[in-house]
Amino acid sequence: MPRAPPLDTVFSAASWECGGAAGVGTRMTTVGIIGAGHIGSALAEGLVGRGYDVVISNSRGPETLEGLVARLGANARAATPAEAAEAADWAIVTVPLKAIADIPAAPLAGKVVLDTNNYYWERDGRIDALEAKETTTTQMVQDHLADARVVKAFNHIPAAAILTDGAPAGTPGRRALAIASDHADAAALATAVYDEFGFDTVDIGSVAESWRVERDQPAYVVRQDADELRANLARATR
């Protein structure tokens, strides 16, 4: 059953040890990134800088990522989306919402997947279920990746701020980011990744609640600490 912690639940990475639930920990070596836009590239840079191996992909082919991979260094390589998914110990999907059907599902089965997607109707076209508030963007990704464990993460922060706004744990006013997942181990991994990047975590609960941090909601792309984020999530309307 979907987990449903209180909206104001705040986690710290201290509660998560590598090799935790289902053997998933942030120090598993390889992260597969499907999508090499601003968010995907920023996360790749941040992960390589923290000692991870990164396999990054896009829809246009590995050869189009040669410049990015050269900049990232020896711990990064370009691949197809299927190859990135296959290589991943855990993965990040950061593609336009209209392209989620192209995310390779089979090689992500059993893996934690961080979903950064947002709905921009101007880019994605009108999606009836989202317009009618019948689902959420992350629920759509989880439905497509039915055998993976999806968690909403990094969707409500500008790409550049991922690499600049982090601060050590305990820093007053430390920026906080939200997560949402139906899977406790996925939530724990995302929490640990946030902490490595220098962010506190506020857990919204299941993916059904992830609309609270989607586009045009009070918490979207606002710099906020954990208390301010909880307040903004509570102010969200649908």
Side-chain angles (χ1 to χ4, degrees), residues 26 31-60 62 64-73 75-79 81 84 88 90-100 102-103 112-124 136-138 140-141 150-167 173-180 189-202 204 210 212-225 228-229 232:
T26 61
V31 183
I33 302 179
I34 298 171
H38 296 305
I39 294 288
S41 296
L43 288 171
E45 181 177 345
L47 289 164
V48 166
R50 289 163 176 81
Y52 293 90
D53 291 328
V54 167
V55 182
I56 190 165
S57 65
N58 65 10
S59 62
R60 296 180 294 130
T64 66
L65 297 173
E66 290 176 358
L68 173 62
V69 168
R71 179 169 63 82
L72 293 175
N75 285 356
R77 65 181 176 92
W90 55 273
I92 298 166
V93 295
T94 179
V95 299
L97 192 64
K98 64 182 179 181
I100 61 173
D102 297 328
I103 299 169
V112 171
V113 175
L114 276 60
D115 162 45
T116 79
N117 287 294
N118 288 300
Y119 173 42
Y120 299 107
W121 62 263
E122 303 92 336
R123 176 196 66 191
D124 301 316
T136 67
T137 58
T138 299
M140 292 176 64
V141 176
V150 176
V151 54
K152 189 75 164 182
F154 289 110
N155 78 300
H156 55 292
I157 180 172
I162 291 172
L163 299 176
T164 61
D165 276 16
R174 191 189 200 205
R175 186 166 186 164
L177 299 174
I179 59 170
L189 188 144
T191 295
V193 173
Y194 275 176
D195 189 63
E196 286 198 71
F197 275 76
F199 304 109
D200 284 339
T201 300
V202 175
I204 302 174
S210 63
R212 293 179 180 274
V213 76
E214 290 179 350
R215 178 190 181 185
D216 297 330
Q217 296 294 347
Y220 186 69
V221 296
V222 175
R223 197 196 188 290
Q224 55 211 315
D225 64 19
E228 292 165 336
L229 176 52
N232 282 332

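By convention here, the first residue in the shown sequence is residue 1.
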**Request:** State, yes or no, whether a side-chain contact exists between Tyr119 and Glu214 at a heavy-atom distance under 4.5 Å.
**Result:** no

**Request:** Measure the shortest side-chain to side-chain distance between Val31 and Trp90 over non-hydrogen atoms and say whether it is less than 4.5 angstrom.
**Result:** yes

**Partner set under side chain to side chain donor-acceptor pair (under 3.5 Å) for Glu45, not counting sequence neighbours** = Arg71

**Fill in**
In short, Gly32 meets Ala88 closest at the heavy-atom pair N-CB, 3.4 Å

**Request:** Applying side chain to side chain contact (heavy atoms under 4.5 Å, CB included), name anything that partners Ala219, two or more places apart in sequence or on another chain.
**Result:** Val213, Gln224, Leu229, Asn232, Leu233

**Prompt:** If you measure from CG on Asp200 to OG1 on Thr191, what distance do you get to the nearest 0.5 Å?
**Reply:** 10.0 Å

**Complete:** Residue set satisfying side chain to side chain donor-acceptor pair (under 3.5 Å) with Thr64, at least two apart, ordered chain then number -> Asn58

**Complete:** Here the pair of heavy atoms bringing Ile39 nearest to Ile162 is CD1-CD1, 3.8 Å

**Complete:** The complete set of salt bridge (charged side-chain N to carboxylate O under 4.0 Å, His left out) pairs with one or both residues in residues 90-99, sequence neighbours excluded, reads none

**Prompt:** Do the non-hydrogen side-chain atoms of Leu68 and Ile56 ever get within less than 4.5 Å of each other?
**Reply:** yes

**Item:** Shortest non-hydrogen contact from Pro218 toward Val222
**Value:** O-CG2, 3.4 Å

**Any donor-acceptor N/O pair, Arg50 side chain to Glu196 backbone, under 3.5 Å** = yes

**Asked** Does Ser57 have any side chain to side chain contact (heavy atoms under 4.5 Å, CB included) partners at least two apart in sequence or in another chain, and if so, which?
**Response** Ile34, Pro81, Ala84

**Crowding at CZ, Arg174 (>12 non-hydrogen neighbours, <6.0 Å)** = yes

**Request:** With the side chain counted from C-beta on, respond yes when Leu47 and Phe197 share a heavy-atom pair under 4.5 Å apart, and no when they do not.
**Result:** yes

**Option passing side chain to side chain contact (heavy atoms under 4.5 Å, CB included) with Leu114 (candidates Thr94, Val93, Ile92, Ile33)** = Ile92

**Fill in**
Residues at least two apart in sequence or cross-chain that pass side chain to side chain donor-acceptor pair (under 3.5 Å) with Glu66, listed by chain then number, are none

**Message:** Taking the side chain as everything from C-beta on, heavy atoms only, tell me whether Val95 gets closer than 4.5 Å to Asn117.
**Reply:** yes

**Results of salt bridge (charged side-chain N to carboxylate O under 4.0 Å, His left out) for Arg175 - residues two or more places apart only** = Asp165

**Fill in**
To the nearest 0.5 Å, atom NE2 of His156 lies from atom OG1 of Thr116 at 11.5 Å

**Item:** Nearest non-hydrogen partners of Ala78 and Val69, listed with the distance
**Value:** N-CG2, 3.7 Å

**Message:** Which heavy atom of Thr137 sits nearest to which heavy atom of Asn118, and what is that distance?
**Reply:** CG2-C, 4.3 Å

**Message:** Run the ring pair (Phe, Tyr, Trp, His ring centres under 6.0 Å) test against Tyr194 and tell me which residues pass, sequence neighbours left out.
**Reply:** Phe154

**Prompt:** Quick one: does Arg215's side chain have a donor or acceptor within less than 3.5 Å of a partner on Tyr220's backbone?
**Reply:** no

**Asked** Listed by chain and number, what are the side chain to side chain donor-acceptor pair (under 3.5 Å) partners of Asp53, not counting sequence neighbours?
**Response** none

**Message:** Does any part of the side chain of Asp102, heavy atoms only, come nearer than 4.5 Å to the side chain of Ser59, both counted from C-beta?
**Reply:** no

**Prompt:** Quick one: salt bridge (charged side-chain N to carboxylate O under 4.0 Å, His left out) partners of Glu228, sequence neighbours excluded?
**Reply:** none

**Prompt:** What pairs meet the salt bridge (charged side-chain N to carboxylate O under 4.0 Å, His left out) rule with one or both residues in residues 150-161, with sequence neighbours excluded?
**Reply:** Asp115-Lys152

